[in-house]
Amino acid sequence: MKKTHGLDVNPLTDIAICCGQSEAFAAAIFSIINQGDEVLLFDPCYETYEGCITLAGGIPVYVALEPPQWTLDPEKLMRSFTSRTKAIVLNSPHNPTGKVFSRDELEIIAEGCRRWDCVAITDEVYEYITYDNQKHETIAKLPGMQERTIITSSLSKTFSVTGWRIGWAIAPASAASAIQNIHIRITDSAPAPFQEAALTALRSPIEYFETLRGVYELKRDFCMKLLGSVGFRIQFKPQGSLFLFAELPKDCLLSDVEYVEELIQQAGVVVVPGRGFFHGNESCKYQKRYIRVAFCKSEATLNAAAQKFGELINAKACPKIVY
């Protein structure tokens, strides 16, 4: 944390090691959210956040990001804070859109946290996976924010070890202690051999992270070109994460779920319907118009998908999904 973000963190009191970021996030929510507390979420968002909040008795409040660039409206955000707001969830780089929140946007979010005295809970699992010279910055670095931020992250995405379940929460000592107590009662401990392996992974040279970004950037560009070849108009180029969130072509009459079903049946290619990431009422006009493509696949898998799409185009076999 000191080397990457310039943050002074006490390793004995400010860190809770958990079974992946998912558990770290859940434990963070359980540690600070009481019945009736409101938690702000940016919409679209990763689907497990809401479940954790409602299990803790909290109330999710969604702040819609504006497509196609997924911009943050400062006035809309500030109107969403109330006297019951306890926390705001910030996932950057963002799943599903690939957005990296800018410094200006982080300043706006931090201002809301300071003004309403609430906590920022971050999901930073894609912190090292950014593109086109974009850099991830944690909101904890901003003035007055380290003492009101719970950072959650993991080894999973950076080191391609999603099954190892090694994650962590970094927080002020009182919150970190509560998270550790909850973690002990839920899962007792994270796997010790993988924690040892984590020490090696986290000491990787800077060249590793640069290579990682380069490899995924090529895969991102490959998938953008592939979707463009079948009629998609990509209006937002992912700045980070491992996903491409693409709007269906305007002349496509199918919903996201119908499109995914047709794609499976006609080409044997699987993508994710976008509606599962939308929750707020504001998104109803476009929540059935997006699909999420994961490009963290082998070259063989990506080439096979491209071949399947190519066969559909050449055969003109399925005008519903190929334009």
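Numbering of residues begins at 1 and proceeds along the displayed sequence.
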Worksheet item: Does Lys99 come within less than 4.0 Å of Glu105, counting only side-chain N to carboxylate O?
Response: yes
Please report, to 0.1 Å, the donor-acceptor pairs under 3.5 Å made by any side chain of residues 52-75, with sequence neighbours excluded.
unit_1: Thr54; atom_1: OG1; unit_2: Glu50; atom_2: O; d: 3.1
unit_1: Thr54; atom_1: OG1; unit_2: Gly51; atom_2: O; d: 3.1
unit_1: Tyr62; atom_1: OH; unit_2: Glu50; atom_2: OE2; d: 3.3
unit_1: Glu66; atom_1: OE2; unit_2: Lys76; atom_2: NZ; d: 2.3
unit_1: Gln69; atom_1: NE2; unit_2: Gln235; atom_2: O; d: 2.6
unit_1: Trp70; atom_1: NE1; unit_2: Pro68; atom_2: O; d: 3.3
unit_1: Asp73; atom_1: OD1; unit_2: Glu75; atom_2: N; d: 3.0
unit_1: Asp73; atom_1: OD1; unit_2: Lys76; atom_2: N; d: 3.3

Fill in: Donor-acceptor contact below 3.5 Å, side chain His183 vs main chain Ile17
yes
Worksheet entry | Student check: side-chain heavy atoms of Val119 and Lys86 closer than 4.5 Å | no
Discussion item. Please check this pair: side chain of Ser241 against backbone of Pro93, looking for a donor-acceptor N/O pair closer than 3.5 Å.
Written reply: no
Item to complete: Apply side chain to side chain contact (heavy atoms under 4.5 Å, CB included) to Asp43 and Phe278, showing your working.
Response: CA-CA 6 Å; Asp43 205 33; Phe278 291 107; 4.2 Å; yes
Item to complete: Look up atom OG in Ser154 and atom CH2 in Trp168, then write down how far apart they are to the nearest 0.5 Å.
Response: 6.0 Å
Discussion item. For the residue pair Ser156 / Gln21, report whether a side-chain donor-acceptor contact shorter than 3.5 Å exists.
Written reply: no
Discussion item. Can you give me the closest heavy-atom contact between Ala176 and Ala16, atom names plus distance?
Written reply: O-CB, 4.0 Å
Fill in: More than 12 heavy atoms of other groups within 6.0 Å of Glu47 CD
yes
Worksheet item: Are Val100 and Tyr216 linked, directly or through other ILVMFWY residues, by side chains that come within less than 4.5 angstrom of each other?
Response: no
Worksheet item: Under the 3.5 angstrom rule, does the side chain of His279 hit a backbone N or O of Phe277 as a donor-acceptor pair?
Response: yes
Item to complete: Look up atom CZ in Arg185 and atom CZ in Phe30, then write down how far apart they are to the nearest 0.5 Å.
Response: 14.0 Å
Item to complete: Check the hydrophobic clustering (I, L, V, M, F, W, Y; side-chain heavy atoms under 4.5 Å; chains of links allowed) and say if Ile264 and Val271 are grouped together.
Response: yes
Discussion item. Using 0.5 Å steps for rounding, measure from the CD atom of Glu137 to the CD1 atom of Ile139.
Written reply: 9.5 Å
Response to the item:
Residues Ser31 and Ile179: closest non-hydrogen pair is OG-CG1, 3.7 Å
Worksheet item: Are any side-chain N or O atoms of Arg165 and backbone N or O atoms of Pro191, one a donor and one an acceptor, separated by less than 3.5 Å?
Response: no
Worksheet entry | Thr211 side chain to Glu207 backbone, donor-acceptor under 3.5 Å | yes
Worksheet entry | Note: Lys288-Asp256 ion pair, threshold 4.0 Å (strictly below) | no
Response to the item:
Minimal heavy-atom distance between Leu40 and Ser80, with the atoms involved, is CD2-O, 3.6 Å
Discussion item. Under 3.5 Å, is there a donor on one side chain and an acceptor on the other for Ser174 and Ser177?
Written reply: no
Worksheet item: Which pair of non-hydrogen atoms, one from Ile15 and one from Gln180, has the smallest distance, and what is that distance?
Response: O-OE1, 4.3 Å
Worksheet item: Got a donor-acceptor contact below 3.5 angstrom from the Thr122 side chain to the Glu124 backbone?
Response: no
Discussion item. Using modelled atom types and a 3.5 Å cut-off, is there a donor and acceptor pairing between side-chain atoms of His136 and backbone atoms of Ser92?
Written reply: yes
Response to the item:
Rounding to 0.5 Å, atoms CG (Leu242) and NZ (Lys157) come to a distance of 7.5 Å
Worksheet item: Is any side-chain heavy atom of Met224 closer than 4.5 Å to a side-chain heavy atom of Lys237?
Response: yes
Worksheet item: Would you call Arg84 and Asp37 a side-chain contact if the rule is heavy atoms closer than 4.5 Å?
Response: no
Worksheet item: Do you know the tightest heavy-atom contact between Ala120 and Met145?
Response: CB-CE, 4.0 Å
Fill in: Test item: Gln239 and Asp132 side chains (from C-beta on) under 4.5 Å apart, heavy atoms
no
Worksheet item: Do Glu247 and Arg233 sit within salt-bridge range, that is, some charged N less than 4.0 Å from a carboxylate O?
Response: no
Worksheet item: Is a side-chain donor or acceptor of Glu258 paired with a backbone partner of Leu254 at a separation under 3.5 angstrom?
Response: no
Discussion item. Any non-hydrogen side-chain atom of Val39 less than 4.5 Å from a side-chain atom of Ile88?
Written reply: no
Worksheet item: So do the side chains of Leu77 and Ile108 get within less than 4.5 Å of each other, counting heavy atoms only?
Response: yes
Practice prompt. Compute the ring centroids of Phe25 and Tyr49, then answer whether they are less than 6.0 Å apart.
Written response: yes
Worksheet entry | is_close_aromatic(Tyr131, Phe243), centroid dist under 6.0 Å | no
Worksheet item: What about Phe42 and Phe101, are their ring centers closer than 6.0 Å?
Response: yes
Discussion item. Looking at Lys2 and Asp8, is any side-chain nitrogen of the basic one under 4.0 Å from a carboxylate oxygen of the acidic one?
Written reply: yes
Practice prompt. Identify the heavy atoms of Val9 and Gln146 that sit nearest to each other, and give their distance.
Written response: CG2-NE2, 4.1 Å
Discussion item. Contact between Pro44 and Phe245 at the side-chain level, heavy atoms closer than 4.5 Å - yes or no?
Written reply: yes
Worksheet entry | N/O donor-acceptor pair under 3.5 Å between Thr158 side chain and Leu155 backbone | no
Discussion item. To the nearest 0.5 Å, what is the distance between CD1 on Ile166 and CH2 on Trp164?
Written reply: 8.5 Å
Worksheet entry | Lys/Arg N to Asp/Glu carboxylate O, Glu111 vs Arg114, below 4.0 Å | yes
Worksheet entry | Residues Ile129, Phe209; criterion side chain to side chain contact (heavy atoms under 4.5 Å, CB included); working and verdict | CA-CA 8 Å; Ile129 306 174; Phe209 302 97; over 6 Å; no
Worksheet item: Does NZ belonging to Lys285 count more than 12 external heavy atoms closer than 6.0 Å?
Response: yes
Practice prompt. Inspect the surroundings of CG in Leu199 and state if more than 12 heavy atoms from other residues, nucleotides or ligands are less than 6.0 Å away.
Written response: yes
Worksheet item: For the atom pair NZ (Lys250) and CZ (Arg289), what is the distance rounded to the nearest 0.5 Å?
Response: 8.0 Å
Discussion item. Under a 3.5 Å distance rule, please check whether Thr4 uses its side chain to pair with a backbone N or O of Met1 as donor and acceptor.
Written reply: no
Item to complete: Would you indicate whether the side-chain heavy atoms of Phe159 and Tyr208 approach each other to under 4.5 Å?
Response: yes
